[in-house]
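Some notes on the structure that comes next.
Everything numeric in this text was worked out from a predicted model, so none of it was measured. Convention: sequence-line order gives letters A, B, ...; per-chain numbering from 1.
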Number of protein chains: 2
Amino acid sequence: MTEITPGFDFAVSIDCVLFGFDGSELKILLIERNEEPFKDWWALPGNLVNKEESVDQSAQRILKELTGLSDIYMEQYYAFGEVNRHPQGRVISVAYYAMLRLGGEKPLKPLSSYAKKAQWINVADLPKLAFDHQHILNKGLEKIKRRIKHLPLAFELLPEKFTLTQVQSVYELILGKKLDKRNFRKKILSFKVLKELEEKQRGVSFRAATLYKFDKRKYNKLFGKEISF
Amino acid sequence: MTEITPGFDFAVSIDCVLFGFDGSELKILLIERNEEPFKDWWALPGNLVNKEESVDQSAQRILKELTGLSDIYMEQYYAFGEVNRHPQGRVISVAYYAMLRLGGEKPLKPLSSYAKKAQWINVADLPKLAFDHQHILNKGLEKIKRRIKHLPLAFELLPEKFTLTQVQSVYELILGKKLDKRNFRKKILSFKVLKELEEKQRGVSFRAATLYKFDKRKYNKLFGKEISF
DNA sequence: ATTACTTAGTGTAAAAAATACACGTTATAT
DNA sequence: ATATAACGTGTATTTTTTACACTAAGTAAT
């Protein structure tokens with residue numbers, strides 16, 4: 001057994017997989033890199049962890065610097081540690097995901113010159129990505145496919161007030177299959193975590209649907225009980 | 001925005017949470033440390049990743065060095081990255097778990113002087129652990145509680161041939177609750193991934209139970225279908 | 001105002017799965 | 001022979017899942 005004494009010569013990076021929903025398409029937040037390596041390539045928002053911050057804190061900072069977004073709760077899902085995943089040295093990347101409602105309000109403005117721009121890009125229509133980011137993204141998609149069956153991720157993608165058809169669209173997009181409308185409604189209402197509002201949808205051609213809100217209070221009370229799609 | 005250029009000054013470590021089942025108790029594999037910091041403390045088998053190995057490879061190597069165990073498939077489940085989790089510098093730890101059948105065959109012999117010894121210790125009766133290892137272990141337990149509902153982890157804990165009562169014990173131990181015998185059997189047999197053998201249990205006082213094998217072939221065919229406890 | 005269009009919203013019957021529940025059987029040990 | 005302790009089994013009830021199609025309501029165009 002050869003004993004190589006390992007030193008403190010690794011870098012640790014964060015990569016953020018942000019899913020967004022604009023009412024019809026599932027999107028991912030990408031940046032266009034302004035630095036080598038992979039200058040001018042599209043990439044997940046990501047950068048190196050600083051020594052005086054935890055990886056969770058780092059994820060928040062990096063997301064903000066590269067996209068301008070702050071206070072986004074992200075969940076860690078995997079650490080990528082292949083030897084040659086970064087051309088400039090040994091970098092372990094810790095990946096996070098989050099779900100985000102889109103709708104213009106949140107500005108996308110990189111604060112760091114590290115990114116030329118940040119942009120929501122349709123998952124179904126992705127460019128070639130830097131590093132192993134396609135792989136990181138694929139693994140993120142797998143994770144949320146599993147987790148959306150048990151966790152209320154869908155409501156993080158939706159605006160505060162939403163219609164049941166919108167909820168169904170999110171599930172269909174993420175799971176990649178069509179669901180029966182009546183059965184879907186029966187099931188999602190059976191969890192009793194949606195509050196029906198007096199209000200109706202506005203600004204649509206054709207019949208307006210009833211709006212609902214996600215009731216976090218009631219959801220938290222469910223804890224322990226499994227919900228399942 | 002202060003730009004600190006981060007250097008390659010992190011270390012990355014692996015910690016292994018190995019669950020073992022001896023027929024009645026759920027155990028964890030711990031080592032007694034022979035090095036500072038936390039010399040003489042109990043700890044999860046863990047050490048630093050070398051620069052020329054992936055984190056997955058590293059997990060295999062480290063497990064072998066500290067416990068003598070090789071060819072154990074481990075699954076990564078979380079990266080721990082608090083700033084002060086290691087007293088001697090900035091160390092990010094990537095945690096892995098595995099499930100293991102116990103039964104004396106596998107020798108526990110640290111090959112490295114880093115560990116004085118390795119030992120299976122009852123989960124219900126743990127000593128104080130080094131670093132944040134208690135936290136890492138707790139998170140590992142949570143993970144397997146969730147995953148055993150959908151993945152055939154139980155059979156990794158059991159000998160090749162096992163009785164249905166043993167399978168039930170494993171589920172009860174990990175889930176932390178009693179299950180109904182007839183319903184459990186009905187359900188687990190309904191997945192059709194257990195092969196009933198001609199053979200019966202031997203060396204027990206009282207009536208011997210029929211032995212079963214896990215049929216990996218059939219299990220792999222199930223893929224896509226969710227199995228669920 | 002009529003019409004055409006599009007999405008909203010609803011119920012039921014059948015099948016499948018989950019649950020609750022108790023006793024005769026069988027191998028061993030004395 | 002008997003006592004022991006775990007083995008192995010079935011049914012009725014409830015709950016959940018699935019499959020399936022039409023009317024209602026609002027908008028837009030003529």
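Each of D:dG8, C:dA29, C:dG9 was ranked by its minimum atom distance to the side chain of B:Arg185; first place goes to D:dG8.
Annotation for A:Lys116: atom NZ counts as buried by contact number, over 12 foreign heavy atoms lying within 6.0 Å.
Nucleic acid contact class of B:Thr210 (heavy atoms, under 4.0 Å, all strands): sugar-phosphate only. Heavy atoms of A:Ser190 sit nowhere under 4.0 angstrom from any nucleic acid atom. Counting non-hydrogen atoms under 4.0 angstrom, A:Thr163 reaches nothing in the nucleic acid.
Rounded to the nearest 0.5 angstrom, A:Leu164 CG and A:Leu194 CG are separated by 6.5 Å.
The cationic atom of A:Lys143 (NZ for Lys, CZ for Arg) does not lie both less than 6.0 Å from the six-membered ring centre of A:Tyr77 and within 45° of the ring axis. The cationic group of A:Lys187 lies under 6.0 Å from the six-membered ring centre of A:Phe229 and within 45° of the ring axis, placing it in a cation-pi geometry.
In this structure, A:Gln168 atom CD and C:dG9 atom P are separated by 12 Å, rounded to whole Å. With rounding to whole Å, A:Phe191 atom CZ is found 10 Å from D:dT16 atom P. In this structure, A:Gln166 atom CD and C:dA8 atom C1' are separated by 13 Å, rounded to whole Å.
Applying the 4.0 Å criterion to OP1 and OP2 of C:dC5, one finds that A:Ser205 has every side-chain N and O outside that range. Under 4.0 angstrom from either OP1 or OP2 of C:dA18 there lies at least one side-chain N or O belonging to B:Lys187.
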Readout for nucleotides 18-26 of chain D: B = base within 4.0 Å of protein heavy atom, S = sugar-phosphate only, - = neither; 5' to 3' it is BBBB--BBB
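Side chains of A:Asn122 and A:Asp125: no donor on one and acceptor on the other come within 3.5 Å.
A donor-acceptor pair under 3.5 Å is absent between the side-chain atoms of A:Gln60 and the main chain of A:Gln57, judged by distance alone.
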